[in-house]
Amino acid sequence: MKITALKSHVLAYELPQELGYSQQYYRRRTAHLVEVTTDTGITGWGECFGPGNVALANRVIVEKVIQPLILNDDPLDRDVIWHKVYNLLRDHGQKGMPIQALSGVDIALWDIAGKVAGLPVHKLIGGAHRQMVKAYGYGMMLKRQSLRDHVARFADEAAAIREMGFAATKMKVGLGPEKDIRLAQAVRRSIGDEFPFMVDANHCYTVSDALYVGRGLQELRPYWFEEPVAPEDLEGYRELRSKLDINIAGGEAEFTRWGWRRLLESRGLDIAQPEVCGLGGISEYLRVLALCHTHFTPVVNHVWGSAVSVAVNLQLLAALPALPGSLFPWEPMLEFDTTHNLFRDDLLTEKLDIQGQVKANGGMVRVPDGPGFGIEPDRDFIRHHALEE
Ligand code: CA
């Protein structure tokens with residue numbers, strides 16, 4: 001079996017409303033799908049993390065840098081391919097875009113392996129620890145509006161996400177420490193005392209501001225405080241974890257087993273959030289997962305992007321052992337974006353319909369059991385939304 005081509009599909013559309021988080025506002029939604037074709041007619045699909053113009057740069061890496069390295073290789077030799085590509089790109093970037101590009105390619109090779117075996121990817125990894133996965137809905141993005149309008153909107157959105165049936169919800173912060181605490185108070189008031197919520201700062205704070213916000217959050221009992229400080233600030237994470245009685249989550253901006261090794265050894269995380277479409281694909285995710293378990297750090301995958309990424313993560317969450325194991329074990333969750341996203345809702349010929357499942361099954365989502373990721377992207381949809389070369 002041989003690889004005959006790597007093709008990047010960068011999709012884009014204008015959102016009906018501008019959205020924001022603590023680093024920027026954005027109006028254009030993008031997705032970067034990778035299609036790997038073979039001489040047997042079997043095609044694999046992957047996805048690269050990296051929004052906006054980053055996707056355009058990653059497309060060049062996939063098609064002009066990685067493709068010539070692996071054309072005619074056997075797609076089933078995915079670990080050999082991973083190490084060949086990484087070794088040749090190492091001198092040019094051990095983190096960031098080269099690894100995001102490699103991630104999408106590696107993921108597509110796992111889809112091919114599943115289709116060749118006639119098995120879902122979770123069976124290739126070792127089986128499903130669960131057939132259904134709990135989903136949490138994130139929303140409550142920042143907008144160009146006053147604090148008062150943010151407070152009212154966050155309260156409404158939190159209640160709406162709870163009403164949709166999700167098992168928990170997650171809000172953005174980033175207006176400033178005082179205002180951010182006000183936002184979290186509004187969310188807690190809106191959802192009641194028992195419903196779990198999480199707070200995502202997208203690394204906008206200094207350590208001292210994160211401590212201040214974290215102390216304000218403690219009495220509201222959020223389930224976790226995500227990316228409070230810059231991902232490079234390992235000592236900052238450790239300090240926050242030791243001083244706050246609240247779970248510290250992070251890791252979506254970390255890459256490969258080597259980056260994760262340092263992050264985990266610094267003991268700054270209560271919950272690890274590996275991003276499979278960025279950190280190096282499924283091959284590397286499994287090594288990072290082993291490292292997380294080595295350090296007794298539970299994993300809740302970071303999920304961002306299209307229905308391909310959602311389907312990939314459902315396979316990984318099925319195959320993720322409970323840590324620690326018990327009669328009533330701690331369970332991972334599927335991260336699900338509740339904001340406007342055609343690439344998540346309409347990309348596949350047979351829709352995942354996460355929202356419908358969540359509503360019908362008390363926040364639970366079924367793990368697809370077709371070969372590979374069990375999905376088929378709709379080529380007309382891709383053509384319609386493809387960004388010009
Ligand atoms: Ca995040």
Side-chain angles (χ1 to χ4, degrees), residues 1-12 28-39 42-115 121 253 255-256 274-285 304-313 343 347 372-373 375-377 379 381-383 385-389:
M1 195 172 182
K2 285 183 175 165
I3 294 172
T4 51
L6 266 57
K7 168 91 183 135
S8 275
H9 303 273
V10 177
L11 314 182
R28 194 168 68 156
R29 171 88 65 198
T30 56
H32 178 183
L33 309 181
V34 176
E35 179 185 8
V36 176
T37 54
T38 67
D39 61 347
I42 289 178
T43 292
W45 291 91
E47 179 159 0
C48 300
F49 181 71
N53 293 335
V54 171
L56 298 176
N58 280 339
R59 167 159 77 185
V60 175
I61 301 176
V62 168
E63 294 188 345
K64 304 283 196 244
V65 181
I66 298 178
Q67 177 170 243
L69 294 175
I70 68 171
L71 269 186
N72 295 318
D73 283 2
D74 185 339
L76 297 179
D77 293 346
R78 51 197 180 278
D79 195 55
V80 178
I81 289 172
W82 195 97
H83 286 90
K84 177 163 85 169
V85 173
Y86 185 81
N87 280 331
L88 288 166
L89 295 183
R90 171 183 269 135
D91 294 14
H92 314 289
Q94 299 138 21
K95 299 191 182 202
M97 290 190 282
I99 309 303
Q100 292 171 346
L102 173 57
S103 301
V105 176
D106 176 82
I107 290 169
L109 297 182
W110 277 84
D111 193 26
I112 290 171
K115 287 170 175 169
V121 164
F255 297 84
T256 76
E275 168 52 69
V276 66
C277 300
L279 68 77
I282 294 176
S283 299
E284 196 64 2
Y285 167 90
W304 179 92
S306 80
V308 172
S309 156
V310 174
V312 168
N313 275 285
F343 303 143
L347 171 67
F373 304 126
I375 54 163
E376 192 56 49
R379 290 189 183 273
F381 179 90
I382 288 177
R383 258 191 300 277
H385 292 285
L387 266 189
E388 294 303 315
E389 296 294 317

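Here the structure is a predicted model, which is why all the values come from computation and not from measurement. Any value given below was found using the heavy atoms of this structure, including those in side chains, with hydrogens, waters and symmetry copies removed.
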Asker: Please report the shortest heavy-atom distance between Ala311 and Ile375, naming the atom on each side.
Answerer: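 Closest pair (atom of Ala311, atom of Ile375, distance): CB-CG2, 3.7 Å.
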Asker: Answer whether the closest heavy-atom distance between the side chains of Val105 and Val85 falls below 4.5 Å.
Answerer: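 Val105 vs Val85: side chains apart.
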Asker: Is the backbone of Leu69 close enough, under 3.5 Å, to the side chain of Lys84 for a donor and an acceptor to pair up by distance?
Answerer: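 The answer is yes, because a donor-acceptor pair under 3.5 Å joins these two groups.
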Asker: Within the 4.5 Å heavy-atom criterion, are Leu347 and Leu11 side-chain neighbours or not?
Answerer: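 Yes; the side chains approach each other to less than 4.5 Å.
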Asker: Measure the acute angle between the ring planes of Trp82 and Tyr86, then classify it against the limits of 30° and 60° as parallel, tilted or perpendicular.
Answerer: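 Trp82 and Tyr86: parallel rings.
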Asker: So do Ile99 and Leu279 actually touch side chain to side chain, heavy atoms under 4.5 Å?
Answerer: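 No; the side chains remain at least 4.5 Å from each other.
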Asker: Can you find a heavy atom in the side chain of Asp106 that is under 4.5 Å from one in the side chain of Glu284?
Answerer: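 Sidechains of Glu284 and Asp106: no contact.
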Asker: The test is side-chain contact (heavy atoms from CB on, under 4.5 Å); show your working for Leu109 and Ile3 and say whether it passes.
Answerer: CA-CA 10 Å; Leu109 297 182; Ile3 294 172; 4.0 Å; yes
Asker: Measuring only between side-chain heavy atoms, which start at C-beta, is His92 closer than 4.5 Å to Val65?
Answerer: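 They are not in side-chain contact.
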Asker: Which pair of non-hydrogen atoms, one from Ala31 and one from Ser306, has the smallest distance, and what is that distance?
Answerer: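 It is CB-CB, 4.3 Å.
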Asker: If you compare all heavy atoms of Pro75 against all heavy atoms of Ile81, which two are closest, and at what distance to 0.1 Å?
Answerer: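 Here Pro75 and Ile81 meet closest at CA-CD1, 4.3 Å.
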Asker: Working to the nearest 0.5 Å, report the span between CG of Leu88 and CD1 of Ile70.
Answerer: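 Going from CG on Leu88 over to CD1 on Ile70, the span is 11.5 Å.
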Asker: Using modelled atom types and a 3.5 Å cut-off, is there a donor and acceptor pairing between side-chain atoms of Thr4 and backbone atoms of Thr37?
Answerer: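 Looks like yes, one N/O pair under 3.5 Å.
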Asker: Start with the C-alpha gap between Gln67 and Val62, add the side-chain angles, then the distance that decides, and say whether side-chain contact (heavy atoms from CB on, under 4.5 Å) holds.
Answerer: CA-CA 6 Å; Gln67 177 170 243; Val62 168; over 6 Å; no
Asker: Shortest non-hydrogen contact from Arg29 to Phe343?
Answerer: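 That would be O-CE1, 3.5 Å.
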Asker: Indicate yes or no for a side-chain donor-acceptor contact from Ser309 to the backbone of Trp304 under 3.5 Å, with no hydrogens or angles considered.
Answerer: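 Yes, Ser309 side chain to Trp304 backbone: donor-acceptor pair under 3.5 Å.
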Asker: Output the distance between atom OG1 (Thr43) and atom CD1 (Ile112), rounded to the nearest 0.5 Å.
Answerer: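 Interatomic distance, Thr43 OG1 to Ile112 CD1, rounded to 0.5 Å: 7.0 Å.
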Asker: Decide yes or no for Asn53 and Arg28: does some side-chain heavy atom of the first lie under 4.5 Å from some side-chain heavy atom of the second?
Answerer: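 Yes, side chains in contact.
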Asker: Which heavy atom of Ala55 sits nearest to which heavy atom of Gly50, and what is that distance?
Answerer: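 The pair with the smallest heavy-atom distance is CB-O, 3.4 Å.
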Asker: Does any N or O in the side chain of Glu63 come within less than 3.5 Å of the main-chain N or O of Ser8, such that one atom is a donor and the other an acceptor?
Answerer: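 Checking the backbone N and O of Ser8 against the side chain of Glu63, a donor-acceptor pair under 3.5 Å is found.
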Asker: Taking it one step at a time, do Ile61 and Met97 satisfy side-chain contact (heavy atoms from CB on, under 4.5 Å)?
Answerer: CA-CA 8 Å; Ile61 301 176; Met97 290 190 282; 4.0 Å; yes
Asker: Do the non-hydrogen side-chain atoms of Phe373 and Ile107 ever get within less than 4.5 Å of each other?
Answerer: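 When only atoms from C-beta onward are counted, Ile107 and Phe373 do touch, with a gap below 4.5 Å.
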Asker: Determine, stepwise, if the pair Tyr285 / Ser103 fulfils side-chain contact (heavy atoms from CB on, under 4.5 Å).
Answerer: CA-CA 9 Å; Tyr285 167 90; Ser103 301; over 6 Å; no
Asker: State, to 0.1 Å, how close His32 and Arg59 come at their nearest heavy-atom pair, and which atoms those are.
Answerer: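 That closest heavy-atom pairing would be CE1-N, 3.5 Å.
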Asker: State, with a plain yes or no, whether a side-chain heavy atom of Ile282 is found less than 4.5 Å away from one of Arg78.
Answerer: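 Side-chain contact under 4.5 Å: no.
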